[in-house]
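Presented below is the structure to which this report refers.
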Protein chains: 2
Amino acid sequence: MRSTHSTEDRTTRARIRDAAIARFGESGFDKATVREIAAAAGVSPALVLHHFGSKEGLRAACDEFVVARFKQGKEEAVRSGSTDPLAALAGYADAVPHLRYLSRALGDGTPAAARLFDDMVRESEEVMALGVEAGMLKPSRHPYDQAVVLVAWQLGGLVLFEHVARRFGGEAFATEVAARYTRAAVEVLTEGTFADTRFEDAWESVDFVDERPPPEGREQVDVTDGSDDDAVAG
Amino acid sequence: MRSTHSTEDRTTRARIRDAAIARFGESGFDKATVREIAAAAGVSPALVLHHFGSKEGLRAACDEFVVARFKQGKEEAVRSGSTDPLAALAGYADAVPHLRYLSRALGDGTPAAARLFDDMVRESEEVMALGVEAGMLKPSRHPYDQAVVLVAWQLGGLVLFEHVARRFGGEAFATEVAARYTRAAVEVLTEGTFADTRFEDAWESVDFVDERPPPEGREQVDVTDGSDDDAVAG
DNA sequence: GAGTGTGTTGAACGCATGTTCAGTATACTA
DNA sequence: TAGTATACTGAACATGCGTTCAACACACTC
């Protein structure tokens with residue numbers, strides 16, 4: 001019996017969630033207000049709380065939705081052979097708000113951000129191992145550490161993409177900025193930038209443990225609730 | 001006639017500023033309250049506003065201070081030959097709050113963050129040009145773009161350092177985490193990770209402009225005010 | 001000692017925010 | 001038609017926030 005009133009193509013709940021993703025992405029979680037989000041979705045502030053319990057609940061719903069969406073897009077990217085989700089996603093114009101949201105979430109220290117980071121490290125490690133086997137990637141002396149660093153760079157570039165775009169004279173999340181970014185990134189990841197192994201040798205002599213931390217104990221949250229938000233209303 | 005009351009080793013103003021840097025760094029600008037900061041500094045909330053005019057003024061003062069401090073540390077790092085300020089700064093235990101603050105500022109979208117980013121790009125470009133001349137760095141096809149990307153990665157790694165540390169099983173901004181991070185980073189920057197030039201060639205064929213954006217027009221703010229905050233009181 | 005300026009405080013103000021709640025409208029069930 | 005569940009609203013509440021302001025304490029000048 002969902003959405004007895006709304007005759008739109010999407011559920012009211014989905015409209016609110018999308019408006020929240022947009023507002024959170026632009027202003028950040030704290031600065032974005034429930035009233036703003038409600039207005040953007042064309043509903044009353046009370047309805048937002050009616051559907052999501054609290055502002056924090058709304059954030060959790062947005063987190064789930066965006067992370068799931070991102071994961072899905074990433075699988076496609078892996079399938080196509082690219083390791084940079086930024087480039088893979090930049091094509092989809094409607095994914096930009098989600099990228100923006102993700103960028104904010106990573107900076108805000110949302111619980112979902114940690115989950116996303118850990119997931120990406122795990123998957124990157126797998127993908128990179130496969131890449132090494134296939135002769136596409138060079139083997140690393142510290143595969144796990146390298147996966148962590150590369151994920152940090154990828155997501156870090158996402159968080160600071162606004163600045164990258166400004167330096168490139170384009171708008172944030174514009175396709176050509178993303179392409180230019182990727183071109184430079186790929187060059188570095190192919191050629192390297194140090195001419196000799198001076199630094200590498202120096203740091204290699206430092207002997208640190210190469211172990212993963214104890215198993216993460218993060219519960220794998222399943223994305224059941226709200227998955228039918230976009231269902232058509234009667 | 002500064003600080004007629006306080007008999008501490010530092011000015012009250014400096015104590016407030018340091019407390020603010022710590023609180024902003026831990027909770028972020030929005031969540032950190034003037035009352036909290038005042039309590040941490042051992043003064044009344046009203047005094048905070050008396051000294052800095054507003055919370056935003058306090059943020060500006062913190063920005064100036066940290067950016068200046070960071071710039072200074074970076075110069076030393078360049079002099080020592082390292083291009084990674086994270087590693088260069090990690091040694092100074094008392095710099096950790098500043099790193100934490102910087103990490104937050106970059107995520108919050110503080111005006112100072114843009115200034116810092118732009119400064120770093122400019123300086124990185126210079127340093128990298130020198131490095132190429134000296135035969136220490138490989139020449140890039142797109143030196144400016146490469147500088148932008150490397151700065152984005154450096155600072156992005158800083159923003160997400162909390163997650164890097166978690167994956168490495170250490171505390172954020174711990175020295176050994178920083179070392180492990182640097183080791184992996186240096187490996188990638190020396191060897192690259194792609195085994196062949198497949199991706200590089202593909203992206204190189206995309207023809208984008210390599211120009212810098214129009215001159216930035218950002219006024220170079222001079223750090224005169226508050227520079228004597230740490231002066232000893234009579 | 002009077003006058004002045006600065007550091008400092010406690011209490012209050014005004015405002016925006018997240019949240020609650022009583023109540024209305026609509027759709028479905030029987 | 002009556003009953004019930006759900007979507008939805010307007011108005012209000014409580015709280016925490018940044019900020020203001022009148023007053024006090026101390027140091028300095030004359």
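In the text below, chain A, chain B and the rest are named by the order of the sequence lines, each starting its count at 1.
With A:Glu64 as the fixed residue, the side chain to side chain donor-acceptor pair (under 3.5 Å) test singles out one of A:Arg115, A:Arg59, A:Arg69: A:Arg115.
Side-chain atoms of A:Asp63 and A:Tyr101 form a donor-acceptor pair, as typed in the model, at a separation below 3.5 Å.
Between A:Ser54 and C:dG18 there is no side-chain polar atom (N or O) within less than 4.0 angstrom of OP1 or OP2. Side-chain N/O atoms of B:Thr12 include none lying less than 4.0 angstrom from OP1 or OP2 on C:dG7.
Stacking of A:Lys55 on the aromatic ring of A:Phe29 is recorded, both the 6.0 Å distance cut-off and the 45° axial limit being met. Judged by the 6.0 Å and 45° rule, A:Arg17 forms a cation-pi pair with A:Phe65.
In terms of modelled atom types and a separation under 3.5 Å, the side chain of A:Arg23 and the main chain of A:Ala32 share no donor-acceptor contact. Using modelled atom types, no side-chain atom of A:Tyr181 and backbone atom of A:Phe161 make a donor-acceptor pair closer than 3.5 Å. A donor-acceptor pair under 3.5 Å is formed between the side chain of B:Thr182 and the backbone N or O of B:Ala178.
Following rounding to the nearest Å, B:Phe52 (CZ) and D:dG18 (P) show an atom-to-atom distance of 15 Å. Distance, B:His51 NE2 to D:dT20 C1': 17 Å, rounded to whole Å.
Residues from residues 34-48 of chain A with heavy atoms under 4.0 angstrom of DNA chain D, sorted by number: A:Val43, A:Ser44, A:Ala46, A:Leu47. Scanning residues 19-32 of chain A for heavy-atom distances under 4.0 Å to DNA chain D yields an empty list.
Contact check on B:Glu125 versus B:Arg122 returns no salt bridge, with no Lys/Arg side-chain nitrogen under 4.0 Å from an Asp/Glu carboxylate oxygen.
Across C:dT8, C:dT17, D:dG18, the shortest atom-to-atom separation from the side chain of B:Thr33 is found for D:dG18.
Between A:His50 and B:Leu49, the residue whose closest nucleotide on DNA chain D is further toward the 5' end is A:His50.
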